[in-house]
Amino acid sequence: MTTKFGKGCHLHLIDGSAFIFRAYHALPPLTRKSDGLPIGAVSGFCNMLQRYVEGNHAADTPTHLAVIFDKGSHTFRNDMYDLYKANREAMPEDLRPQIPLTREATRAFNIACEEMEGYEADDIIATLSCQARDLGGRVTIVSSDKDLMQLVGDGVEMYDAMKNKVIDRDGVFEKFGVGPEGVVDVQALAGDSVDNVPGAPGIGIKTAALLINEFGTLEALLDRAEEIKQPKRRQTLIEKREQIELSKKLVQLDCNTPLEFTLDDLEIKDPDPEVLLGFLAKMEFRTLTKRIADALDAELPAIEDAAPVAKAGEAPAEVEDLPIDPEAYTCVSDLETLNTWIAEARHQGYVAVDTETTGLDNMTADLVGISLATKAGKACYIPLTHSKGGDDLFGGSELVAGQIPLQDALDALKPLLEDEAVRKIFQNAKYDCKIFQRYGIIVQGIDDTMLMSYALYSGLHGHGMDALSERYLGHNPIPIKDLIGSGKSMITFDKVDVEKATRYAAEDADITLRLWQKFAPQLHHAKVTRVYERLERPLVPVLAQMERHGVLVDRDTLSRMSNAFAQKMAGLEADIHEMAGESFNVGSPKQLGEILFDKMGFEGGKKGKTGAYATGADILEDLATEHELPARVLDWRQLSKLKSTYTDALQDHINKETGRVHTSYMQTGAATGRLSSTDPNLQNIPIRSEEGRRIREAFIAPEGKVLVSLDYSQIELRILAHVAGIDSLKQAFREGQDIHAATASEMFGVPLDQMTSDVRRQAKAINFGVIYGISGFGLARNLRIPRAEAQGFIDRYFERFPGIKDYMDATVKFAQENLFVETLFGRKIHTPEIAAKGPRAGFAKRAAINAPIQGTAADIIRRAMIRMPEAIAGQPAKMLLQVHDELLFEVEEDAVDQLIATAREVMESAASPAIHLDVPLIADAGQGCSWAEAH
DNA sequence: CTAGAGCGCTCG
DNA sequence: GTACGAGCGCTCTAGC
């Protein structure tokens with residue numbers, strides 16, 4: 001038999017018993033929730049193992065690793081001396097059942113787990129150490145047991161995991177006063193009361209070391225005992241010679257244990273996530289399971305909440321459905337009371353928090369008050385800056401009495417809000433976190449009921465608090481309208497009566513807490529914990545930061561464009577009126593329809609519920625071949641759109657203080673996992689038309705910086721090629737081919753070098769059509785070809801790529817059976833409409849086909865965004881915007897290349913390690929002074 | 001006067 | 001009756 005183990009290998013041997021006892025004594029007597037089984041030592045043992053394999057230690061990284069256990073209580077030493085270890089205390093009752101579990105734990109980690117009947121763990125360790133050393137390898141013994149110190153020497157060291165210290169020759173010398181080769185002799189003389197090794201009475205370690213150093217070896221000492229000057233010591237050595245020689249045999253470790261395995265069997269192997277997480281979940285180790293699932297990037301297994309008692313920071317398993325009573329809330333008006341609430345939150349490990357402000361724009365809104373909830377029904381409101389009715393016209397407003405000074409309250413709350421160990425529960429955490437950040441508080445340790453609802457129920461309903469409260473708590477919250485009114489007479493929250501505000505604000509915190517108690521256990525059952533914890537929650541601070549940065553927009557550029565558009569529009573309008581023979585509102589589809597179809601007599605039909613003529617671009621384009629008027633209307637509409645939505649409205653969104661535009665990203669807006677952007681929407685800035693594209697010239701970088709854009713190339717088609725398993729498409733992507741041309745070539749048999757732009761255009765339309773859940777009708781309309789011809793294309797496409805058809809059919813079937821579909825990362829998108837009859841079923845089918853593709857792409861860019869801040873930390877660069885498959889950065893001029901390299905790497909590797917794609921992800925980069933140049 | 005539906009257009 | 005996913009400005013109407 002040949003052995004691979006040799007030079008360059010590094011064997012680590014963990015003393016299992018030492019780990020177990022250390023774990024047992026270090027932790028309180030924990031029990032498994034579901035049945036009360038003691039598991040404290042197992043828990044500690046697993047934690048120590050995990051920390052060790054993570055490499056979180058001072059010793060070198062192992063290539064081979066084993067945990068060595070004792071087996072049975074009778075060993076060959078008992079045959080020599082029946083009192084050996086007779087003084088050992090009996091094992092504690094609650095530790096005994098945990099011993100086999102530590103073996104199971106070791107195997108679950110996929111670490112070699114070794115023991116031998118009749119031998120101590122120390123003998124196995126000794127044997128392995130000798131073997132490894134003889135083969136030229138190195139050994140680290142993970143233990144601080146002094147009995148093992150005799151093994152230290154060339155290539156063999158010990159490692160004290162507790163003190164994170166390596167013990168080498170010097171370390172041994174410190175302990176015994178002799179080198180490792182003298183340890184056995186010293187121990188034989190000094191004896192060991194714990195193991196009941198007799199040794200020489202009256203001689204301790206210090207004396208023993210002195211003697212061994214003087215005589216060299218124990219044998220020499222015993223032979224020349226007569227020479228000892230001290231009479232008592234001389235007598236002992238002579239009289240107790242036999243006992244000392246026995247002691248030496250007892251402490252001498254056996255390097256020739258007949259092992260039934262080889263060093264090669266100890267090679268490090270990765271754990272099987274399913275086995276390991278399964279074991280940890282069985283033990284009900286919540287924190288550790290989560291940590292290891294994170295480390296392995298694996299799905300978190302469900303752990304039943306068996307007992308009603310909650311651990312700190314975890315939701316109670318059983319929620320009391322107390323009625324919601326706004327009169328029961330308290331108003332906190334002094335610091336002492338506030339401190340009792342803070343103490344309760346700390347004691348519990350979680351607290352629901354809500355802020356009240358003067359407006360919805362969190363860049364400018366000021367804090368008015370804060371509400372907290374610690375238990376269902378137990379909530380308070382802390383008014384801070386409520387003021388009397390008078391406004392600034394009368395020389396400023398006066399604060400209402402009975403409020404804690406703002407700064408005092410914030411100083412008291414800051415440590416709580418910034419303590420990661422106390423869970424702060426929000427409904428829409430991004431808003432409140434941004435408010436707090438403006439007051440110098442960086443909230444850590446958040447949960448967000450809105451995001452929980454989104455992870456659980458995306459596609460089923462909205463995730464606003466009112467909807468969630470009604471649906472899951474059967475309670476309609478007090479409408480904000482009742483407090484601040486609406487429309488022109490709307491007031492700001494600081495003018496609201498404090499008692500009314502208390503009922504409203506504390507209720508919001510109470511509801512948030514109750515929703516959290518409902519949702520938290522559901523995440524596990526729905527298997528979306530990982531989606532929530534890895535794709536939703538960590539995105540909150542990233543988006544908050546992007547929104548705070550904002551993007552610089554040049555008002556003058558927009559203003560000049562606006563004027564130019566206005567002039568052109570006026571000219572067009574005059575032309576249109578003249579052609580129509582009367583003056584009318586060109587912006588009114590209703591009036592336009594009447595002019596076109598009633599007065600001018602064009603062919604066309606009524607449409608929709610209102611009975612108005614349809615005058616969409618497609619219809620006007622058809623009419624434009626016959627008459628100038630519809631063509632002019634199309635031009636007018638384009639300019640009108642650009643002016644009203646972009647050059648005009650955008651100016652109103654430029655922040656007075658920053659000169660920048662701060663959009664707001666909605667994380668729960670799109671059912672597929674995409675973000676949406678509002679106030680203003682920066683995800684639909686024109687680019688397709690030359691004229692519209694110029695709007696992007698107004699998005700600029702400040703002096704000395706440039707804008708950098710990176711966008712994923714064809715990410716959805718790549719995902720389709722992967723999920724449907726289309727070899728030819730995957731191959732085309734791997735070779736970096738033009739995918740639409742490749743599709744056309746495959747479909748129509750045209751060689752790539754003879755491809756015409758028209759054939760390619762048709763293939764491109766089909767490719768996109770497939771992603772959208774293709775239909776002959778839709779493709780016909782898009783390509784403006786007869787429906788039968790379009791259907792022919794589709795048929796041929798499915799013939800060439802049968803895997804696509806299979807994927808579509810399988811996805812629809814899955815949706816019909818489960819009423820949801822999933823992305824590759826486990827995001828669930830519910831599709832209840834799939835069960836509907838009639839045309840609605842068609843919509844639902846196409847949506848079901850599209851959702852996993854669009855959603856997987858959305859998940860990938862989310863992962864990139866979550867990793868990005870850390871990846872570019874230290875670079876003079878900021879991530880500003882996300883447009884579904886594009887990220888826009890603002891970077892100092894001389895750092896552009898570095899930023900592109902880093903961001904590209906993050907984006908292109910964003911799918912791994914959670915999933916492996918059969919196609920590469922490619923991000924294209926551009927840069928320039930404006931967004932027009934960068935994209 | 002205000003809220004909301006409908007239309008049409010912008011983006012990926 | 002139809003491509004998938006979004007947001008917003010404008011017009012028009014219903015209803016206070």
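Throughout, protein chains are lettered first and strands after them, A, B, ... in sequence-line order, and every chain is numbered starting at 1.
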Under a 3.5 Å cutoff, is there a donor and acceptor pairing between the side chains of [X] and [Y]?
X        : Y        : result
A:Asn767 : A:His740 : yes
A:Thr557 : A:Glu697 : no
A:Asp679 : A:Ser664 : no

Is [X] touching bases, backbone alone, or none of the nucleic acid, heavy atoms closer than 4.0 Å?
X        : answer
A:Ala848 : nothing
A:Asp711 : nothing
A:Gly842 : nothing
A:Asp648 : nothing
A:Gly769 : base
A:Arg840 : nothing
A:Ala671 : sugar-phosphate

Could you give the [atom1]-to-[atom2] distance, from [X] to [N], as a whole number of Å?
X        : N      : atom1 : atom2 : value
A:Glu833 : C:dT2  : CD    : P     : 15 Å
A:Lys488 : C:dC16 : NZ    : C1'   : 16 Å
A:Met490 : B:dT2  : CE    : P     : 11 Å
A:Phe768 : C:dG5  : CZ    : P     : 16 Å
A:Gln667 : C:dA6  : CD    : C1'   : 16 Å
A:Asn782 : C:dA3  : CG    : C1'   : 8 Å
A:Leu675 : C:dG7  : CG    : P     : 11 Å

Calculate, to the nearest 0.5 Å, the distance between atoms CG and NE2 belonging to A:Asp361 and A:His653 respectively.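 Those atoms lie 9.5 Å apart.
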What's the spacing between A:Gln882 CD and A:Ile861 CD1 if we round to 0.5 Å? 4.5 Å
Could you check if a side-chain atom of [X] sits within less than 4.5 angstrom of a side-chain atom of [Y], using non-hydrogen atoms only?
X        : Y        : result
A:Val633 : A:Arg637 : yes
A:Arg867 : A:Ser909 : yes
A:Thr668 : A:Leu451 : yes
A:Leu468 : A:His461 : yes

Name the closest nucleotide to the A:Thr678 side chain, picking from C:dT13, C:dA3, C:dG7. C:dG7
So which heavy atom on A:Pro832 is nearest to which on A:Leu460, and how close? CG-CD2, 3.7 Å
With sugar-phosphate taken as primed atoms, P, OP1 and OP2 and all else as base, the protein-contact string of nucleotides 7-12 of chain B at under 4.0 Å (heavy atoms; B, S, -) is SBBBBB
Heavy atoms within less than 4.0 Å of DNA chain C: which residues of residues 455-464 of chain A have one? Give them sorted by number.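 Within residues 455-464 of chain A, no residue comes under 4.0 Å of DNA chain C.
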Counting only side-chain N and O atoms of A:Arg781, is one of them less than 4.0 Å from OP1 or OP2 of C:dT2? no
Write down the distance separating the P atoms in B:dC9 and C:dG1, rounded off to the nearest Å.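 Taking atom P in both B:dC9 and C:dG1, they lie 23 Å apart.
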Of A:Arg696, A:Lys643, A:Lys568, A:Lys641, the residue whose pairing with A:Glu691 passes salt bridge (Lys or Arg N to Asp or Glu O under 4.0 Å):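 Of the listed options, the one satisfying the test is A:Lys568.
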Has the side chain of A:Arg846 got a donor or acceptor that lies under 3.5 Å from a partner of the other kind on the base of C:dT2?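 Side chain to base: pair present.
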Quiz item: A:Ser775 side-chain donor-acceptor pair to C:dT2 base, under 3.5 Å: yes
Name every residue in residues 815-829 of chain A that has at least one heavy atom under 4.0 Å from any atom of DNA chain B, in order of residue number, or write none if there are no such residues. none
Geometric class of the A:Phe820/A:Phe814 ring pair [parallel <30°, tilted 30-60°, perpendicular >60°]: perpendicular
Could you tell me how the ring of A:Phe597 sits relative to the ring of A:Tyr613: parallel (under 30°), tilted (30 to 60°) or perpendicular (over 60°)? tilted
